[in-house]
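Within every chain, numbering begins at 1; the chains are lettered A, B, ... in the order of the sequence lines, protein sequences first and strands thereafter.
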Amino acid sequence: MVHDAEFLIEVMAGQLQDLLARRGIAEPALVGVHTGGVWVAERLHQRLGIATPLGRLDISFYRDDFSRIGVNPQVRPSELPFDVDERHVVLIDDVLYTGRTVRAALNELFDYGRPASVLLAVLADRGGRELPVEANVVGTRLKLPPGQQIQLVGPEPLQLLIQTVP
Amino acid sequence: MSAANLQLDRQGRLLHFLTVEGLSRRHLTEILDTAESLRGVAERRVKKLPTLHGKTVVNLFFEASTRTRTTFELAAKRLSADVLNLNIATSATTKGESLLDTLRNIEAMQCDMFVVRHPQSGAAEFMARHVKPHIAVLNAGDGCHAHPTQGMLDAFTIRRHKPDFPSLQVAIVGDILHSRVARSLIHALNILGAGEVRVIAPRTLLPAWVESLGVRVFHSPQAGLREVDVIVMLRLQRERMERALLPTEQEFFQQYGLTEERLALAKPDAIVMHPGPINRGVEIDSRVADGPRSVILEQVTNGIAVRMAVMSITLGNHARPLEEDA
């Protein structure tokens with residue numbers, strides 16, 4: 001099954017704009033989590049016309065399963081080209097599942113400084129949380145049975161694929 | 001089993017880092033790319049990652065070293081490991097304890113990684129052969145054999161300035177014969193596909209088999225430094241002079257020392273490297289060592305990132321069960 005990711009990003013952009021307005025946040029800093037989260041963040045960044053440069057986090061060194069899977073050989077440098085202190089940050093990922101990636105991303109973010117607040121925006125929330133983490137902005141909610149996986153393929157075109165794990 | 005094979009698991013993943021020799025471009029690129037991701041950690045407020053939290057790294061130094069030991073220590077600490085520094089030359093071995101006994105004793109302290117420096121070639125390999133399977137061994141310099149993390153940090157520094165390896169001409173100058181740094185760097189550059197590696201040294205400081213390393217040999221800097229992109233000066237050890245392998249320091253500087261005049265023979269954007277600590281006025285003129293083309297201090301900074309990369313890759317591979325990739 002394929003979902004139109006561009007349409008879902010439009011949905012996210014609308015929700016995020018409303019939320020930022022309600023909270024009185026004029027200039028948030030967007031941070032995408034590698035790889036899929038960065039693709040979504042790039043589009044939201046452009047769509048919302050945000051002046052603060054986009055941040056990118058690779059949480060490979062912060063994963064809690066290092067002792068089972070080691071370091072990701074495709075690790076990329078994290079870049080936060082703005083001062084994190086007292087900044088309203090929007091953390092963006094493609095899929096929210098167990099919550100462990102978000103926990104790692106928060107840990108990494110706080111090693112750069114102390115943000116004023118952090119919002120979480122995800123393209124798809126598939127449930128199955130193992131940690132108390134919830135998203136503020138959600139493109140789509142999917143109830144997937146075990147044995148199915150969801151993957152964002154991109155960057156051009158951006159497609160959300162749901163597949164049965166072989 | 002050779003040292004090159006001993007350091008890989010059945011699926012070709014790096015378990016120990018004993019020598020650059022025999023590794024593939026994929027292995028070296030993985031180390032360089034991981035180091036690139038780790039380089040920025042030093043500029044952050046919290047200069048620490050949780051990756052090796054709960055792991056214990058032992059710096060096992062049978063030979064004096066400040067810089068290498070310090071950078072390994074800092075690398076391990078920046079990955080949140082606990083670090084134990086043991087200078088064995090002044091303790092166990094002088095009491096007649098064998099290398100294997102030392103190894104067993106430290107193993108009994110529940111360690112995960114040994115960083116070994118030893119005056120004898122092959123010492124780190126010996127360790128890797130005898131440690132328990134969950135322990136990773138990193139060679140921090142063994143005799144005249146290898147210093148693989150130094151070779152990789154040099155390659156990393158070169159790549160940051162000159163990423164196009166096939167067009168690269170690198171000159172390594174000085175005591176090639178005794179230099180584990182030179183050997184590891186030559187292997188790394190060849191594996192990464194550098195255009196040409198030259199060695200420039202007096203005949204007494206060149207091993208007979210040097211050409212088998214795939215290098216071009218020069219005996220004079222006037223010929224060898226022409227149009228090179230990178231100049232790597234090696235440290236001269238004073239004891240070599242006592243063994244009559246070399247003329248005096250002054251004479252060496254006159255014939256091989258890197259001066260501004262000699263640097264002018266290289267390409268205008270050539271970089272100057274040295275594994276340190278430098279002997280000013282022996283291998284290199286202070287004006288060059290402190291000049292705009294010197295990347296010597298950058299090498300020190302990069303050394304921490306490269307050592308962090310090797311530590312996290314090897315310990316990560318130890319943790320990963322083989323079946324997962326089968």
Next on the checklist: Could you walk me through whether B:Glu30 and A:Gln74 satisfy the side chain to side chain contact (heavy atoms under 4.5 Å, CB included) test, starting with their C-alpha distance in whole Å, then the side-chain angles of each, then the deciding distance to 0.1 Å, before giving a yes or no?
Outcome noted: CA-CA 8 Å; B:Glu30 183 186 355; A:Gln74 271 93 47; over 6 Å; no

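- Atom NE2 of B:His134 has more than 12 neighbouring heavy atoms from other residues, nucleotides or ligands inside a 6.0 Å radius.
- The environment of CG in A:Leu131 is crowded: more than 12 heavy-atom neighbours from other residues, nucleotides or ligands sit within 6.0 Å.
- The number of heavy atoms from other shown groups lying within 6.0 Å of CZ (B:Arg44) is above 12.
- Considering only residues two or more places apart in sequence or on other chains, A:Glu10 meets the side-chain hydrogen bond (donor to acceptor under 3.5 Å, both in side chains) condition with A:Arg47.
- Only the backbone of B:Lys48 comes within contact range of chain A, with at least one heavy atom under 4.5 Å from a heavy atom of that chain.
- More than 12 non-hydrogen atoms from other residues, nucleotides or ligands lie less than 6.0 angstrom from CZ of B:Arg67.
- Counting non-hydrogen atoms of other residues, nucleotides and ligands closer than 6.0 Å to CD of A:Gln46 gives a total of 12 or fewer.
- The OG atom of B:Ser37 sits 9.0 Å away from the CG atom of A:Asn72 when rounded to the nearest 0.5 Å.
- The residue among B:Leu52, B:Ile313, B:Leu315, B:Leu38 with the most heavy atom pairs within less than 4.5 Å of chain A is B:Leu38.
- Separating the CG atom in A:Asn107 from the CG atom in B:Leu49 is a distance of 11.0 Å, to the nearest 0.5 Å.
- Using a 4.5 Å heavy-atom cut-off against chain B, the contacting residues of residues 56-63 of chain A are A:Phe61, A:Tyr62.
- Contact annotation for A:Asp85: only side-chain heavy atoms (C-beta onward) come within less than 4.5 Å of a heavy atom of chain B.
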Next on the checklist: side chain to side chain contact (heavy atoms under 4.5 Å, CB included), that's the test. Do B:Val46 and A:Phe110 meet it? Break it down for me.
Outcome noted: CA-CA 9 Å; B:Val46 179; A:Phe110 275 76; over 6 Å; no

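- Residues of residues 111-120 of chain A that come within less than 4.5 angstrom of chain B, heavy atom to heavy atom, are A:Asp111, A:Tyr112, A:Gly113, A:Arg114 in numerical order.
- Counting only residues at least two apart or on different chains, the side chain to side chain donor-acceptor pair (under 3.5 Å) pairs with a member in residues 136-146 of chain A are A:Asp125-A:Arg141.
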